[in-house]
**Student:** 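Sharing a structure with you now.
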Amino acid sequence: MEEKVKILAFIGAGALLGSAATLAISKLLSDPLPISNQCVGKVYTSEAVKSNGLPGSKCNGLATPNPLTDEVVSEQLTRNIQFFGLEAQQKVTASYVVVIGLGGVGSHAASMLLRSGVGRLLLVDFDQVSVSSLNRHAVATREDVGTSKALCLKKHFQSIFPECHIDAKVILYDSSSEEEILSGHPDFVLDCIDNIDTKVALLAACVRRGLKVLSATGAGARADPTRIRVADLRESTNDPLSRAVRHRLRKDHGIDGGIPVVFSLEKPKAKLLPFKGPSGEEENPSDYQIVPGFRVRIIPVLGTIPAIFGQVMASYVATQLAGLQVHMEPVVNFDTDHYEILHQRLIEHEELLYGTSMQVEVDVEEVVYIAKELWHGRSARDLSIKDVGRAMWRSVNELMLVRWDKTKSASVSNLILLRFKEADEHESRSLEDIKEEEPDFFVRVTTVLKRAELEFGF
């Protein structure tokens, strides 16, 4: 009997403690959070705060000049801060980026820039969300169908990173809207437009205004994500859109490259579908254009590819804003035979010059790195980008690897790519001569070779 009483007493005490704990937790949950962690009805400034250049906000009437000082914001961006460092992330948070064209590519680019902590975004698109665009749009749902793409993104973005100052313009980019869209000194402009006339006008305006711009080329009718690249517009291949833009920029504006683009080396898997009018018969697409010059016919699209294009654009811009140097894989159209030829020429040159090839410390795989990653398939003296595609294949017939410093072995960090005549001239000069007579060339080459030294751990 006594044991039962003890057990009942323990049960009663446990119940009493449980009730007390429940009441305490309920009270805790009902109490307001500390002001530093709770922001209701925030008002965001449209300009960077003068004191530190970061977007400001007001939280319950208290100014927060630097969003990164907010505990929730710093926790949300903690992985970026760990990756970039606090100072570099502050540069991203202080940045203003304009994204024009908010379809499959632009919506994903804008979404990841927002999630990366960009402090101010301008979202521009005149079009609406359609049912057929849901296979590739970053955030749109069926409830968003029929609404403006720009306003759709803004609505969703405000719940993801409310500290970002977001402007949305339902407007077509053209000469009349250029000032409205490109004023305000944006740190970057993303061109995600698929119309040639508008694209050319935007890129030309950015060059004229001295604005950094990254352009997306055709993402439709492709399926291989491993062949997406970032390079100069002059290097893009297998893309009809970039070819047409390149021609128009050169012809109408005298612009010959100098604009980075995201493109795919993959040849399109499909063509534009035939246009059928209401009767079901094929008709002239231009008769149904709402806006002159804009495509009416449909390009088959695997939704993953434009999404990856957008992710690539966001990654490129975020690292640029943070000041992180990323060496994009160059577009070099050599094949294995070409690299083997370069390796064999090096061996023969060493035997001819030094009587032995014993100091050749590279194999074909390392020649690939030297020719492709370090010198981009071009002579170390060639700063231009003019040989692309098959022209690059032909150019390899005039190239060879030689030692930069003749007193050191032919290693990854001591080989440069030169044309035959340039190689003969190089062999006749000392490094001291080059340093004195061509200081810029000397610094450029030694910087590249230092990179190889660091990457190979020499």
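Please read these numbers as outputs of a predicted model, since none were measured by experiment.
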**Student:** To the closest 0.5 Å, what do you measure between CZ (Phe309) and OG1 (Thr304)?
**Tutor:**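 These two atoms lie 11.0 Å from each other.
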**Student:** Report yes or no: do Asp144 and His137 form a side-chain donor-acceptor pair below 3.5 Å?
**Tutor:**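 Judged by distance alone, the side chains do not pair up.
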**Student:** Classify the side-chain pair Ser148/Gln128 by whether it contains a donor and acceptor separated by less than 3.5 Å.
**Tutor:** no
**Student:** Looking at Asp194 and Lys199, is there a salt bridge between them, counting it only when a charged N and a carboxylate O are closer than 4.0 Å?
**Tutor:**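 Looking at Lys199 and Asp194, the cut-off is not met.
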**Student:** Is it true that a side-chain atom of Ser74 and a backbone atom of Asp70 form a donor plus acceptor pair closer than 3.5 Å?
**Tutor:** yes
**Student:** Is any side-chain heavy atom of Val402 less than 4.5 Å from a side-chain heavy atom of Glu422?
**Tutor:**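 No, side chains not in contact.
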**Student:** Looking at Asp187 and Lys212, is there a salt bridge between them, counting it only when a charged N and a carboxylate O are closer than 4.0 Å?
**Tutor:**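 Salt bridge between Lys212 and Asp187, a charged N being under 4.0 Å from a carboxylate O: no.
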**Student:** Which heavy atom in Arg419 sits nearest to a heavy atom in Ser379, and how many Å separate them?
**Tutor:** NH1-CB, 3.9 Å
**Student:** Compare all side-chain heavy atoms of Trp375 with those of Val448 and state whether any distance is below 4.5 angstrom.
**Tutor:**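 A side-chain contact exists here, since the closest heavy-atom pair is under 4.5 Å.
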**Student:** Determine yes or no for a side-chain-to-main-chain donor-acceptor pair under 3.5 angstrom, with Thr447 supplying the side chain and Val443 the backbone.
**Tutor:**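 Pair found, side chain donor or acceptor close to backbone of Val443.
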**Student:** Would you say Asp125's side chain and Lys149's backbone share a donor-acceptor pair under 3.5 angstrom?
**Tutor:** no
**Student:** Would you find a donor on one side and an acceptor on the other, under 3.5 Å apart, between the side chain of His426 and the backbone of Arg403?
**Tutor:** yes
**Student:** Can you see which heavy atom on Val301 is nearest to which on Arg136, and at what distance?
**Tutor:** CG1-CD, 3.9 Å
**Student:** If I compare all heavy atoms of Tyr316 with all of Leu214, which pair ends up nearest, and what's the gap?
**Tutor:** CD2-CD2, 3.7 Å
**Student:** Whether the side chain of Glu75 engages the backbone of Val72 through a donor-acceptor N/O pair (distance < 3.5 Å, no angle test) should be reported.
**Tutor:**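 No, the answer is negative, given that no donor and acceptor are paired below the 3.5 Å cut-off.
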**Student:** Looking at Ser107 and Ala138, what are the two nearest heavy atoms and their distance?
**Tutor:** OG-N, 3.0 Å
**Student:** Below 4.5 Å, heavy atoms only, C-beta onward: do Val230 and Phe263 meet side chain to side chain?
**Tutor:**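 Side chain of Val230 against side chain of Phe263, heavy atoms only: no contact under 4.5 Å found.
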**Student:** Between Asp174 and Ser177 (side chain of the first, backbone of the second, donor and acceptor by atom type, cut-off under 3.5 Å), is there such a pair?
**Tutor:** yes
**Student:** Among side-chain atoms of Thr198 and Asn195, is any donor-acceptor pair under 3.5 angstrom?
**Tutor:** yes
**Student:** Going by heavy atoms in the side chains, are Leu190 and Val317 under 4.5 Å from each other?
**Tutor:** yes
**Student:** Which heavy atom of Ala219 sits nearest to which heavy atom of Ile305, and what is that distance?
**Tutor:** O-CG2, 3.5 Å
**Student:** Could you state the interatomic distance from CG (Leu249) to CG (Leu203), rounded to the nearest 0.5 Å?
**Tutor:**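 Interatomic distance, Leu249 CG to Leu203 CG, rounded to 0.5 Å: 5.5 Å.
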**Student:** Does some side-chain heavy atom of Ile171 sit less than 4.5 Å from a side-chain heavy atom of Phe126?
**Tutor:**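 Not in contact.
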**Student:** Where the side chain of Arg227 meets the backbone of Ala223, is there a donor-acceptor pair that is under 3.5 Å apart?
**Tutor:** no
**Student:** Which heavy-atom pair separates Ala110 from Val99 by the least distance, and what is that distance?
**Tutor:** CB-CG2, 4.1 Å
**Student:** May I ask you to decide if Ala205's main-chain N or O and His253's side chain share a donor-acceptor pair within less than 3.5 Å?
**Tutor:**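 Side chain of His253 to backbone of Ala205, a donor-acceptor pair under 3.5 Å: no, none is there.
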**Student:** Could you check Val368, Asp363, Val367 and say which one makes a side-chain contact (heavy atoms from CB on, under 4.5 Å) with Glu365?
**Tutor:** Asp363
**Student:** Between the main-chain N or O of Val262 and the side-chain N or O of Thr217, is there a donor-acceptor pair closer than 3.5 Å?
**Tutor:**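 Side chain of Thr217 to backbone of Val262: a pair is present.
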**Student:** Is it true that Arg229 and Glu266 make a salt bridge, defined as a side-chain N closer than 4.0 Å to a carboxylate O?
**Tutor:**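 Looking at Glu266 together with Arg229, the answer is no, because their closest N to O distance does not fall below 4.0 Å.
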**Student:** Any sub-3.5 Å donor-acceptor pair from Ser116's side-chain atoms to Met112's backbone N or O?
**Tutor:**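 Flag set: sc Ser116 to bb Met112 pair under 3.5 Å.
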**Student:** Taking atom types as modelled and ignoring hydrogens, do the side chains of Ser411 and Asn414 form a donor-acceptor contact shorter than 3.5 angstrom?
**Tutor:**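 Distance-only check fails for Ser411 and Asn414.
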**Student:** Before accepting this row, confirm whether a basic side-chain N of the pair Glu455/Arg451 lies closer than 4.0 Å to the acidic partner's carboxylate O.
**Tutor:**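 Judged by the 4.0 Å cut-off on N to carboxylate O distance, Glu455 and Arg451 do form a salt bridge.
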**Student:** If we only count heavy atoms from C-beta on, is the Leu122 to Lys169 side-chain gap below 4.5 Å?
**Tutor:** yes
**Student:** Identify whether NZ of Lys or CZ of Arg in Arg115 sits under 6.0 Å from the centre of the six-membered ring of Phe161 and within 45° of that ring's axis.
**Tutor:**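 No; the conditions do not both hold, so Arg115 does not lie above the ring face of Phe161.
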**Student:** Give the C-alpha distance, both sets of side-chain angles, the deciding distance and a yes or no for salt bridge (Lys or Arg N to Asp or Glu O under 4.0 Å) between Arg208 and Glu178.
**Tutor:** CA-CA 12 Å; Arg208 186 175 66 252; Glu178 176 188 324; 2.6 Å; yes
